[in-house]
Enquirer: 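Quick one: structure below, then a few questions.
This chain uses plain numbering: 1 for the first residue, then up along the sequence.
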Amino acid sequence: MKVSRLIKRRTVANEACDAGRVLVNGKAAKASLNVKEGDVIEIQFGTRTVRAEVMSVQDTVRKEEAKELYRYL
């Protein structure tokens with residue numbers, strides 16, 4: 001999530017996973033989970049839920065190219 005910039009900071013992403021606010025393919029995700037292409041990530045931000053499909057997995061990516069790693073559903 002950090003590389004794709006769905007969540008901007010790694011610590012915030014870890015806290016969201018620990019709190020059970022991140023689902024991958026409908027199951028609660030731990031921060032250490034490795035996602036693969038085709039996985040659907042759901043992140044709960046308060047009353048709003050964001051759903052995105054993983055299009056590509058990379059270790060690093062430039063800010064401008066981060067949007068190409070996922071698509072909103």
Side-chain angles (χ1 to χ4, degrees):
M1 288 187 293
K2 164 76 171 80
V3 174
S4 68
R5 291 171 176 73
L6 283 170
I7 295 181
K8 304 259 190 268
R9 294 190 326 234
R10 189 178 308 271
T11 55
V12 175
N14 287 339
E15 291 169 0
C17 289
D18 293 343
R21 293 182 293 154
V22 178
L23 304 176
V24 175
N25 297 326
K27 298 179 183 176
K30 293 186 178 183
S32 60
L33 178 70
N34 290 321
V35 296
K36 58 189 179 302
E37 291 179 21
D39 283 349
V40 175
I41 300 172
E42 294 182 49
I43 308 168
Q44 297 171 353
F45 292 107
T47 59
R48 198 177 103 203
T49 300
V50 173
R51 293 185 68 209
E53 179 183 0
V54 177
M55 303 301 287
S56 176
V57 178
Q58 298 181 21
D59 291 331
T60 59
V61 67
R62 293 181 351 163
K63 183 178 179 179
E64 299 81 25
E65 299 167 353
K67 291 184 278 189
E68 298 172 12
L69 298 178
Y70 61 91
R71 82 176 162 98
Y72 287 114
L73 301 175

Enquirer: If hydrophobic clusters are built by linking Ile, Leu, Val, Met, Phe, Trp and Tyr wherever their side-chain heavy atoms come under 4.5 Å apart, do L23 and V50 end up in the same one?
Expert: no
Enquirer: Given a cutoff of under 4.5 Å between side-chain heavy atoms of I, L, V, M, F, W and Y, with clusters grown through shared members, what are the other residues clustered with L73?
Expert: V40
Enquirer: Does any pair with a residue in residues 19-32 pass side-chain hydrogen bond (donor to acceptor under 3.5 Å, both in side chains), and if so which ones, sequence neighbours excluded?
Expert: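 Listed once each, the pairs are N25-D39.
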Enquirer: Would you say CZ of R5 has more than 12 non-hydrogen atoms from neighbouring residues, nucleotides or ligands within 6.0 angstrom?
Expert: yes
Enquirer: Who are the side chain to side chain contact (heavy atoms under 4.5 Å, CB included) partners of A31, not counting sequence neighbours?
Expert: N14, C17
Enquirer: How close do I7 and A16 get, heavy atom to heavy atom, and via which atoms?
Expert: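 Taking I7 first and A16 second, the nearest heavy atoms are CD1-CB, 4.3 Å.
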Enquirer: Do you know which two heavy atoms are closest between F45 and L6, and how far apart they sit?
Expert: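 Result for this residue pair: CZ-O, 4.0 Å.
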Enquirer: Please tabulate, for side-chain N and O atoms in residues 55-65, each donor-acceptor pair with protein atoms closer than 3.5 Å (sequence neighbours left out).
Expert:
none

Enquirer: List the residues meeting salt bridge (charged side-chain N to carboxylate O under 4.0 Å, His left out) with E53, not counting sequence neighbours, and say none if there are none.
Expert: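 With neighbours one apart ignored, the set is R71.
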Enquirer: State which residues pass salt bridge (charged side-chain N to carboxylate O under 4.0 Å, His left out) with R51; sequence neighbours excluded, sorted by chain then number.
Expert: E42
Enquirer: Show the nearest heavy-atom pair for residues Y70 and A52, with the distance to one decimal.
Expert: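 Between these two residues, the closest heavy atoms are CD1-CB, 4.1 Å.
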Enquirer: Might you point out which heavy atoms bring A29 and V24 nearest each other, and give the distance in Å?
Expert: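 Looking at all heavy atoms of both residues, the closest pair is CB-CG2, 3.6 Å.
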